[in-house]
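Numbering of residues begins at 1 and proceeds along the displayed sequence. One-based numbering, in listed order, for ligands and for the atoms of each.
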Amino acid sequence: MKNVLIIGSTGQIGSELTLKLRKEIPGSTVVAGFIKGYEPKGELLESGPAEDVDVRDGKRISEIVRKYRIDTVYNLAALLSAVAEKKPLMAWDIQMNGLLAILEVAREEGCAVFTPSSIGSFGPETPHVMTPQDTIQRPRSMYGVTKVATELLSDYYFHKFGVDTRSVRFPGLISHMTLPGGGTTDYAVEIYYAAVKGEEFVCPIAAGTFMDMMYMPDALKAAVQIMEADPSRLVHRNSFNIASMSFDPEIISAKVRELVPGFRMHYEVDPVRQAIASSWPDSMDDSCAREEWGWAPSFDIDTMSKDMIEHLRARFSGQ
Ligand code: AKB
């Protein structure tokens, strides 16, 4: 991996992955691809090239790939689960027509492609505890449908055309830098913001609903490590279960309260998000990722919570 195009570089994952790759790959060009209206700012804009690109526009993707001799594309453009339920046709259009456009360019230009899947690719019939790598999926949300289709289409391009497609199934991602936009797991980010701002948190997910979660530095590590893995060791490709922690709202609120005494939370359950959350795994078995490319997370709920609170306190103390 040397010259990289990140499509969706101003989103929750893209904004941090772009900066990480620019710092960590010597002599690389990491292009921040963005959609008009979501222009990069600050360090993201100043630290490297940026190009506007609609993920569905194969001609434009191809121009950028040729201009910068791109060898790896991170396809991070997507509508998250709760928004996708409100705009299912748009979600299908962006997720599927976008993926197809990228895969076609990758086939012609010889690029590797990372398109994340998610815990959202599983459904109510999936075994919920220690969800195996290979198991029944059958999600009922549009987000999940596009994620399963993404896994299948990415594997198809690998087997049929030899395109080097790889990916992981991300848990809910927690970060202090860029907020997620419209996911089911967003509550696990928003709770820290509310605590640091001294606000009571209104939790949209019911007590007892467990989901896999992950701190952003681990998610970024996985996104890089999978693309650099020795291909001869990969039995799977799209997509690997990866896990680091699983909790419900009661557990995370107790953790936040340890660090922010007096923190308060009450429940106003959102039926759309709750239906999605209840259909997702409680915890995934990530042993294939560990065996095939050495996956190991660095953060647990304690170290993540401490780091989140420290960073958010530093940010909001000046305001
Ligand atoms: C969402 O909640 O939609 C995402 C995800 C788990 O894929 N954070």
Report, one line per pair, each donor and acceptor closer than 3.5 Å where one atom sits in a side chain of residues 202-209; sequence neighbours left out.
unit_1 : atom_1 : unit_2 : atom_2 : d
T209   : OG1    : A206   : O      : 2.8
T209   : OG1    : Q274   : NE2    : 3.0

Quick one: look up the protein heavy atom nearest atom 8 (N) of ligand 1 and list residue, atom name and how far away it is.
-> T185 OG1, 2.9 Å
Part of I119 with heavy atoms under 4.0 Å of ligand 1, whether side chain, backbone, both or neither =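 Answer for I119: side chain.
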Determine, using ring centers only, whether F161 and Y157 are less than 6.0 Å apart.
-> yes
Check the angle between the aromatic planes of W280 and Y143 and answer parallel, tilted or perpendicular using the 30° and 60° thresholds.
->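 Tilted.
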Classify the angle between the aromatic ring planes of F299 and Y215 as parallel (below 30°), tilted (30 to 60°) or perpendicular (above 60°).
->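 F299 and Y215: perpendicular rings.
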Just which atoms of ligand 1 are under 4.0 Å from any heavy atom in [X]?
X    : answer
S118 : 5 (C), 6 (C), 7 (O)
W280 : 1 (C), 2 (O), 3 (O), 6 (C)
S81  : 1 (C), 2 (O), 3 (O)
T184 : 1 (C), 2 (O), 3 (O)

Among T115, T165, T150, which one satisfies side chain to side chain donor-acceptor pair (under 3.5 Å) with N238?
->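 Result: among T115, T165, T150, T165 is the only option passing the side chain to side chain donor-acceptor pair (under 3.5 Å) with N238.
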Go through the steps for I119 and R169 under the test side-chain contact (heavy atoms from CB on, under 4.5 Å), then give the verdict.
-> CA-CA 6 Å; I119 51 173; R169 293 178 181 134; 5.7 Å; no
Checking heavy-atom distances from atom 4 (C) of ligand 1 to each of Y143, Y187, F170, the winner is Y143
